[in-house]
Amino acid sequence: MKIVFPMKLHDGSEITSVERFWDKLKRESAGTFLMGSNNVWHGGIHLTNENNIWDPTGAVRAIADGELVAYRHASTPFNHTLEPDHDTAATDNANNANNANNANNANNAHTSSTAPVQMDLNTAPGFCLVKHKYEAKEGELKNEMTFYSLYMHLAGENRYTSTYRIKSDGIHTYNSTVGDDQRLRRLNHLARQGAEVQIYNIPEPLVPITGPAQTPVTITPPLIYNGNNTFRLVSYVSKQTGEPDQFYIASQFVEEKAPTRPKWMTQPKCTVKSNANLRDNEVSATDGSSEIGDPVAGILKGSEVLCVTPGKVFNRGTIHYIKVRVLTSKEVDANNQPYNMYHNGSPLNRAIVGEVHWIATSLLMPPTEQFTATIDQIVVCDPPKPIKAGSLLGFWGENESATMDDMHDRDTLGVHIETFIAAADEDETAMKNCIKNQGGLTKGLQYLMIHHPVATYNQSASDAAFISTGATQAAFTSPKFISPNDIVEHTALKYIKVADNAYVMESDPHVTLFSQHDWGKLGITTVDASSDRNGFLERGDLTSITSEGTENFQTIYNLIVNHNDELIPGKIRDDNIATKIHNLIIKYQSEWSRDTWSALESKLQNKPNLLQFCQQFFRAMAWITPEIINNGLSQHLWHMHPVQCLNVISKTPFKFTLQILKNVFTISLKNNKHNTKLQGIADELNRHLEFYQLDTALKRTHFFAQVLQEVGHNISIEESAIYRAAYLKSISSGARQRRYPEPDGRLYVDVHAYSYKIGKTPYKSDGNPLNHNDKIIILNTMYGNRHDLGNRGWNTNDGWDYRGRGLKQLTGRFNYINFNNWHATNQLQWPNDIIDAVNTPDIILNLKYATRSAAYFWLNASSESNPDSNAHCYDYANEASDIAVERITNIVNYQTNSRQARINNFWHLWNSKVLF
């Protein structure tokens with residue numbers, strides 16, 4: 001299963017491993033899984049803005065493919081004014097009141113010798129609940145399980161307001177005090193490019209400035225018309241020393257940036273571009289298949305519809321239909337005539353707002369996004385909304401807590417993330433089957449566990465035999481990941497490398513080699529703590545916790561809690577202890593299902609204000625309602641640490657190997673001539689597999705179906721310029737137009753392209769062999785003067801300089817410029833690779849850049865010839881079909897005569913599963 005980590009890092013880079021995610025996560029000061037301060041139950045983790053760890057935009061992403069089953073999108077955060085508790089009797093219990101910390105630091109407040117102060121606290125109640133289907137398969141063998149990911153404290157509608165920035169450098173500003181003549185007086189200050197500004201609202205209608213003659217008027221209207229320009233009154237959001245409080249600036253230099261909304265909040269809205277029939281919903285045909293019914297209603301041009309299932313198109317012959325909900329239904333047509341539509345002589349009812357029907361896509365204008373999310377309600381999605389791994393779910397929201405020692409509120413932004421399995425019998429059984437590896441899967445990542453000290457061996461350099469070292473390898477405290485290269489077979493025995501030239505024998509009874517699918521052998525156990533209902537894990541609760549994980553839980557508890565049942569600071573983040581915590585799947589009541597915990601009331605009995613805040617907080621955040629329970633969840637859930645969940649569900653990453661690419665470029669199977677090239681391609685693709693959108697077998701197959709046709713089995717990464725004259729005249733307008741001056745008058749290609757071959761040597765019409773100068777002239781003739789490629793005239797050498805290079809034969813000056821800009825924009829992917837492909841285009845002959853330029857084209861190019869002119873190659877690589885190949889070919893090489901060959905390439909690679 002493909003995984004994506006919920007947030008990028010602070011510098012915008014992606015997290016590359018579960019280990020690195022944990023390394024960053026343990027720097028968070030609060031919000032640890034299992035329990036928070038003072039033993040309070042905590043079923044998730046926190047990612048906050050406190051330590052500059054995560055993406056400062058706060059973008060939160062889905063960790064895996066799934067479907068959004070419920071959400072709450074708030075208008076504003078939950079707000080509570082926390083009045084100080086003056087009770088001094090609670091001083092002895094300062095540690096108890098220190099945090100009284102629920103799952104998200106809501107009540108992180110404690111006493112101080114300094115007088116407490118009133119605090120205004122805000123917490124975002126928004127959430128998204130995503131349901132996932134985990135499945136691991138090897139042939140007929142499989143393990144499967146349904147699990148959920150929860151994202152709490154997502155920002156509300158208050159986050160989605162436009163911002164305004166100064167978009168240019170060196171722009172003049174003007175004094176905010178305007179005289180009655182409305183003349184603008186220039187300030188000695190140039191606007192700071194990129195700075196965020198506040199703009200002042202424009203009254204409607206604009207109030208004219210008036211006043212006695214010669215008397216300055218101090219009114220500052222938000223907008224001034226001056227000649228052909230308008231000037232806005234603005235102020236810097238973060239003003240620097242010496243900058244004006246307010247100033248005027250020409251409106252065209254203020255850029256509005258609308259916030260990015262998650263796709264789940266919107267639906268494509270289309271305007272009907274001509275009167276259209278609306279057809280019945282999908283109906284069953286006699287053969288059990290589905291089809292679109294007959295017209296049942298009509299809708300007039302200019303009406304609006306929402307696409308109910310974006311991306312799902314029903315094909316009826318050559319006509320494509322999409323399911324829509326009627327948003328507006330005009331009563332009169334474009335000629336102001338009343339609605340009057342017929343089908344086969346019978347009148348059609350006018351479509352009613354809210355009805356759902358099918359409509360031909362050709363009758364709709366291009367879509368715009370319409371905000372359709374419900375605000376301030378818990379919504380159970382019917383039907384659920386598809387979510388892809390990495391899809392934007394929202395942004396971290398307010399997550400403020402009080403620290404009275406600092407005498408101020410901590411204005412924290414953050415997100416609380418949980419992963420859990422429903423407690424229903426079938427879900428619990430599926431979970432436990434995965435732990436036991438009921439399917440018997442053996443492939444994937446390999447792990448080694450040594451239970452007791454065992455003998456070690458080294459490998460002889462002369463005959464590769466294994467010889468005892470006389471030493472032993474100590475037992476492991478936890479399983480160790482083993483690279484495939486560290487497993488060596490010799491004389492029917494397997495040896496596993498544990499140190500430099502030190503191996504253990506797999507057949508040793510104290511050695512266990514197992515796959516990532518053996519969750520139990522990885523140490524994962526379950527603990528049913530559902531009988532504890534007070535919300536605090538304490539030593540006395542252990543006697544009521546019964547399951548195979550009880551011993552592990554007791555060990556963890558004794559490591560992180562002292563004899564007074566107080567959490568030992570920092571212990572819960574210790575790597576050795578954390579590993580044990582990660583291995584627990586614990587059944588406990590969700591903190592989001594109630595408005596208080598009984599133990600909280602006891603511990604905060606001397607702090608009524610803090611208790612009231614906690615109770616109101618829980619009530620505002622709760623989301624497990626009867627509607628949610630009716631959809632398969634309950635108050636009790638099997639909670640799994642998100643780090644471990646990401647670890648065990650992640651699919652073994654695909655890795656290009658020399659052998660895989662030899663199976664793609666099959667001529668290479670005959671010899672090792674191209675091994676260096678193929679290994680260079682593999683190395684570059686493996687470094688950026690997901691970034692290059694080559695993370696599925698379908699995408700890889702489509703990619704190489706095109707590459708094979710562009711460079712051939714010989715992997716020719718430079719355009720040869722060896723073309724027959726007749727062929728050039730059939731495909732190139734330049735070849736048909738460029739002639740030598742009279743009286744010669746011959747076409748350049750007739751002079752310089754080849755006319756025939758003797759053996760493999762091409763000869764021109766004058767009987768001389770083709771030479772290097774001929775090749776330059778041919779390519780300048782073909783590609784020179786091509787404004788669509790950005791190439792200048794035939795005599796500029798642009799055709800030769802920007803000839804086809806790389807795995808996708810990048811061609812044309814514009815493409816080289818755009819590749820260069822893309823490369824610089826994504827510098828974080830290759831921080832030490834700074835290139836200039838415009839002035840040194842031969843750099844693309846380097847295998848690394850030859851591959852990278854192909855990835856650039858795959859990610860960025862599009863074609864007006866496709867239904868979606870903005871769609872890129874990888875957007876169409878989501879199905880195995882001729883039409884998908886055709887649409888990608890439209891982008892890669894629209895004028896090619898090799899369309900069928902590219903289709904054949906695809907099906908050969910797909911059916912042989914070379915890239916699976």
Side-chain angles (χ1 to χ4, degrees), residues 3 5-7 9-10 13-37 39-48 50-54 63 101 103 105 414 416-419 435 445-453 473-483 486 497-499 512 514 516 518-527 537 549 551-562 566-586 639-650:
I3 66 165
F5 293 95
M7 295 189 73
L9 293 176
H10 194 265
S13 64
E14 292 284 356
I15 299 173
T16 55
S17 68
V18 172
E19 290 76 18
R20 192 171 189 220
F21 181 52
W22 166 243
D23 187 56
K24 298 296 182 181
L25 184 65
K26 65 186 180 184
R27 289 173 52 195
E28 289 286 0
S29 60
T32 51
F33 177 81
L34 190 64
M35 61 176 71
S37 301
N39 303 41
V40 66
W41 160 250
H42 191 239
I45 58 175
H46 286 183
L47 282 68
T48 71
E50 286 195 318
N51 295 312
N52 296 328
I53 304 169
W54 314 106
I63 61 170
N101 188 0
N105 274 347
H416 166 105
I417 297 174
E418 294 183 21
T419 51
I435 294 173
L445 303 180
Q446 298 294 301
Y447 291 85
L448 176 68
M449 188 65 189
I450 298 179
H451 307 279
H452 295 283
Q473 168 64 49
F476 291 169
T477 56
S478 60
K480 175 184 175 182
F481 167 71
I482 297 296
S483 166
D486 291 337
K497 188 175 183 178
V498 292
T512 305
F514 58 93
Q516 68 183 84
D518 286 293
W519 295 4
K521 292 178 181 177
L522 282 169
I524 293 177
T525 54
T526 59
V527 175
L537 296 177
E551 184 178 344
N552 289 348
F553 184 83
Q554 290 174 333
T555 300
I556 293 167
Y557 190 89
N558 291 331
L559 287 171
I560 63 177
V561 175
N562 64 23
E566 297 167 342
L567 193 70
I568 303 172
K571 279 287 187 180
I572 207 163
R573 293 180 183 82
D574 177 271
D575 283 341
N576 291 328
I577 297 174
T579 297
K580 299 179 186 298
I581 294 173
H582 294 174
N583 284 337
L584 281 180
I585 302 179
I586 184 167
H639 297 268
M640 189 177 195
H641 197 299
V643 167
Q644 186 64 292
C645 181
L646 287 165
N647 184 43
V648 297
I649 69 170
S650 60

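A search for ring-ring contact (aromatic ring centres under 6.0 Å, His included) contacts involving Phe21 returns Phe5, Trp54, not counting sequence neighbours. Residues meeting the salt bridge (charged side-chain N to carboxylate O under 4.0 Å, His left out) test with Asp23, sequence neighbours left out: Lys26. In this structure, the side-chain contact (heavy atoms from CB on, under 4.5 Å) partners of Phe476, at least two apart in sequence or on a different chain, are Leu448, Met449, Ile450, Gln473, Lys480, Val498. Contacts of His10 classified as side chain to side chain donor-acceptor pair (under 3.5 Å), with partners at least two apart in sequence or in another chain: none. Applying the ring-ring contact (aromatic ring centres under 6.0 Å, His included) test to His452 and every residue at least two apart in sequence or in another chain returns His510. Under the side chain to side chain donor-acceptor pair (under 3.5 Å) criterion, Thr512 pairs with His451, sequence neighbours left out. Remark: Ile53 pairs with Lys24, Arg27, Glu28, Asn51 by the side-chain contact (heavy atoms from CB on, under 4.5 Å) rule, at least two apart or across chains. By the salt bridge (charged side-chain N to carboxylate O under 4.0 Å, His left out) test, Glu19 is found to be paired with no residue, residues two or more places apart in sequence or in another chain being considered.
By the 4.5 Å heavy-atom criterion applied to side chains, Val18 and Val643 are counted as neighbours. Contact of the His641 side chain with the Thr419 side chain is not registered, since no non-hydrogen atoms from C-beta on lie closer than 4.5 Å. Side-chain atoms of Leu47 and Ile417, non-hydrogen and from C-beta on, do get closer than 4.5 Å to each other. Side-chain contact check for Gln644 versus Phe33: every heavy-atom pair is 4.5 Å or farther apart. You'll find the side chain of Met640 stays beyond 4.5 Å of the side chain of Glu418, heavy atoms only. Here the side chains of Ile586 and Thr526 are not in contact, with every heavy-atom distance at 4.5 Å or above. Counting heavy atoms from C-beta outward, Ile435 and Thr525 have side chains that stay 4.5 Å or more apart.
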Assess the residue pair Ile577 and Ile572 against the criterion (side chain to side chain contact (heavy atoms under 4.5 Å, CB included)); give the C-alpha distance rounded to whole Å, side-chain angles, the decisive distance to 0.1 Å, and a yes or no.
CA-CA 6 Å; Ile577 297 174; Ile572 207 163; 5.7 Å; no
Run His42 and Met35 through side chain to side chain contact (heavy atoms under 4.5 Å, CB included) and show every step you take.
CA-CA 5 Å; His42 191 239; Met35 61 176 71; 5.6 Å; no
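In this structure, the separation between NE2 on His582 and OG on Ser478 is 12.0 Å, given to the nearest 0.5 Å. One finds the CZ atom of Phe481 at 6.5 Å from the OH atom of Tyr447 (value rounded to the nearest 0.5 Å).
Residue Arg573 comes nearest to Ala30 through the heavy atom pair NH2-N, 3.4 Å, listed as atom of the first residue, atom of the second, then distance. Taking each heavy atom of Leu522 and Gln516 in turn, the nearest pair found is CD1-O, 3.8 Å. The minimum heavy-atom distance between Ile3 and Leu646, with the atom names listed, is CD1-O, 3.7 Å.
No side-chain N or O of Trp519 forms a donor-acceptor pair with one of Asn583 less than 3.5 Å apart.
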